[in-house]
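Nothing here was measured: the structure is a model prediction, and the numbers come from that model. We count ligands from 1, going down the list as the structure has it; atoms in each ligand are counted the same way.
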Amino acid sequence: MSEIVKARLHVYPNGGAAARALARHVADAIRVKPDLVLGLPTGRTPVGFYHELSALAERGYFEFRGVTTFNLDEFLGIPPSHPSSYRRFMETHLFSRVGLPASQTNFLAGDVTDPEAECERYERAIARAGGIDVQILGIGTNGHIGFNEPGPILQARTHRVTMRPETRRSNAALFDGNLGAVPREALSMGMATILQARSIVLLATGQTKASCVARLLSGGITTELPASFLQLHSAVDIVVDAAAASAIPGAVSEH
Ligand code: PGA
């Protein structure tokens with residue numbers, strides 16, 4: 001009988017410690033496989049992680065130059081050069097610091113005339129790169145991963161999505177707090193795209209994520225909590241701070 005593998009939970013006392021641990025985990029994976037294919041998220045949560053990862057690269061702990069990256073999602077209707085695009089976010093927080101050539105960083109383009117063709121292009125590019133080795137995820141306060149929003153159905157592959165109001169609100173900071181400027185649609189990797197990564201690490205910090213983190217670990221699998229589908233994957237690590245772990249019965253900081 002095959003073993004049932006549950007997501008491994010790692011609780012740290014605060015967000016800084018969680019970011020440092022995740023940076024070390026990813027840096028070690030790159031030391032083992034210098035041409036690692038890395039899936040990356042945006043948002044407030046990973047900023048500290050990107051800072052720590054850049055610092056490890058700057059200190060010479062590992063070399064970033066052989067890595068290929070794929071970002072999870074992008075706003076639809078704004079060009080890559082837009083100051084609020086996720087591409088610009090990544091350049092600011094990671095790529096400019098580690099000197100990764102643009103040819104090795106992959107993004108969905110938000111200004112395409114044919115979004116469906118762009119989604120198909122992205123799936124092909126991931127396949128051509130040999131698939132994603134390590135996919136880093138955040139989680140929305142509504143349980144989304146990427147822009148796979150809760151609802152009656154989820155999409156398997158990279159697709160066009162209408163963002164939920166709470167998701168647009170949490171992205172308003174990128175648009176100088178102007179909610180009206182946040183695009184209504186986005187392109188996002190699908191659930192199968194994410195679940196085909198060889199390993200997945202979800203990073204969550206803060207009280208607002210606590211309920212979703214507890215439900216994703218021990219509730220049923222439901223499209224109303226897209227992150228719950230991570231229970232179907234055999235190599236998932238959940239990295240949280242004490243606040244994000246606060247709704248998990250019996251969870252204690254082990255680090
Ligand atoms: P946040 O976003 O890090 O800004 O909370 C996470 C997400 O929506 O995946």
>> Pair Phe175, Phe75 - check ring pair (Phe, Tyr, Trp, His ring centres under 6.0 Å), show working.
In response: CA-CA 12 Å; Phe175 292 82; Phe75 297 116; 5.3 Å; yes

> Under a 4.0 Å N-O cut-off, is there an ion pair linking Glu123 with Arg157?
Replying inline: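 Arg157 and Glu123: salt-bridged.
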
>> So that I can tick it off, tell me whether Arg160 and Glu185 are bridged by a salt bridge, with the cut-off set at under 4.0 angstrom between side-chain N and carboxylate O.
In response: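 Looking at Glu185 and Arg160, the cut-off is met.
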
> Is the number of heavy atoms from other residues, nucleotides or ligands within 6.0 Å of CG (Asp176) greater than 12?
Replying inline: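 No, because the 6.0 Å sphere around CG of Asp176 holds 12 heavy atoms or fewer from other groups.
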
>> Tell me which residues fall inside the under-4.0 Å heavy-atom shell around ligand 1.
In response: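 Lining ligand 1 at under 4.0 Å, by heavy atoms, one finds Gly43, Arg44, Thr45, Gly138, Ile139, Gly140, His144, Lys209.
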
>> For Phe70 together with Tyr122, are the ring centres under 6.0 Å from each other?
In response: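 Close enough - the centres of the two rings lie under 6.0 Å apart.
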
>> Checking side-chain contact (heavy atoms from CB on, under 4.5 Å) between Thr69 and each of Leu94, Val37, Leu100, which is the one that passes?
In response: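 Of the listed residues Leu94, Val37, Leu100, the side-chain contact (heavy atoms from CB on, under 4.5 Å) partner of Thr69 is Leu100.
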
